[in-house]
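Below, chains carry the letters A, B, ... as their sequence lines are ordered, and counting in each starts from 1. If you're wondering where the values come from, they're calculated on a predicted model, not measured in any experiment.
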Protein chains: 2
Amino acid sequence: MRAGKGPIDPEAPELSRDGLVQIGQVAERTGLSLRTIRFYEETGLVVPTARSDGGFRLYSDQDVERLEVIKRMKPLGFSLEEMQELLTLLHDLGQGGGDRAALVDRLQMFHEAAVARVTALRDQLAVAEGFADTLAAQLTTHRTA
Amino acid sequence: MRAGKGPIDPEAPELSRDGLVQIGQVAERTGLSLRTIRFYEETGLVVPTARSDGGFRLYSDQDVERLEVIKRMKPLGFSLEEMQELLTLLHDLGQGGGDRAALVDRLQMFHEAAVARVTALRDQLAVAEGFADTLAAQLTTHRTA
DNA sequence: CCCTTCCTTGACGTGAGGGTTAGGTTGGTG
DNA sequence: CACCAACCTAACCCTCACGTCAAGGAAGGG
């Protein structure tokens, strides 16, 4: 599983001594594929904090958390670019940055988009349920008719 | 809008005399783009019943209905190929075809897939709602803090 | 040293269309 | 008849969020 099998602390079996983890661990924890995680780096969405001497990606806890936030955002159907923007936005709001009003404005737009998307998802769900029911009806009709 | 403006029956303003409509009408009725409708023909998913002498696609009511069924299937996330299979399957069941048992079996698999997808959609909706709420909370936190 | 497992980059493929360009045809009207 | 909107084919490239495959380097144990 791990890259090599060095003697690791049995009390903290999955934690490198610097709190940095390789991509495989990240994939396991987040449920994202290696390809996806690398792709997110390509696009600049989540760049690992460090690299090993040999070039291995090393992710901090914050990196992993960021990936988990992204995972939660996915059902909202935002593009990767939009997600990046939102993450930056939230970060900037976290820091007591300059133009608060503008940031809050942008945040509000994101929120509205999110609400709209939730509505759309609900509609989709209703349609999907309806179709599933249709299939169920067809089944009972044809099962012993 | 229409190709030419012949005197049409005001009682059935959008119905060609043979119950066949051109692609533009179909797009308008189904909300699908011309591009998409032509694409569905390319893949064999919905082939128009007829063509005019000049080569215009002419869609029957069944054709349009088929497109509308496809639209309802879309939230279930089936591929176009799977949709085609399911449509064929339902058609074959409609006709008193040969191997009923096998057809019903396949139908049951589709139904199970649909149900699974509905569950997945519900989960996505929950996650999306959660994230929207998070955004709302961030808004109230930062709005006048 | 070897062996295994994990990791690297690079390149190409996919699905479901969207967009565009270019040139040609049709169907109906005034 | 002229005109015009709507339609046609064919070809091309573009997008998004990855999947897949290849060939090879790195980390660590025996």
Pair R122(A) + E129(B), salt bridge at N-O below 4.0 Å: yes
Residues R35(A), E42(A): salt bridge by 4.0 Å N-O rule: yes
Less than 4.0 angstrom between a side-chain N/O of S52(A) and OP1 or OP2 of dC7(C), yes or no? no
Should Q22(B) be listed as having a side-chain N or O under 4.0 Å from OP1 or OP2 of dA6(D)? no
Roughly how many Å is it from CG in L20(A) to C1' in dA27(D), rounded to a whole number? 16 Å
Tell me, which pairs form a ring-ring contact (aromatic ring centres under 6.0 Å, His included) where one or both residues lie in residues 66-103 of chain B, sequence neighbours left out? F78(B)-F110(B)
Who pairs with L90(B) by side-chain contact (heavy atoms from CB on, under 4.5 Å), at least two apart in sequence or on another chain? Q138(A), L86(B), L107(B)
For nucleotides 8-21 of chain C, give me one character per nucleotide, 5' to 3': B if any protein heavy atom sits under 4.0 Å from the base, S if the only such contacts are to the sugar-phosphate, - if neither. BB-B----SSBB--
Within the structure provided, determine whether V21(A) and D63(A) are in side-chain contact (heavy-atom separation under 4.5 Å). no
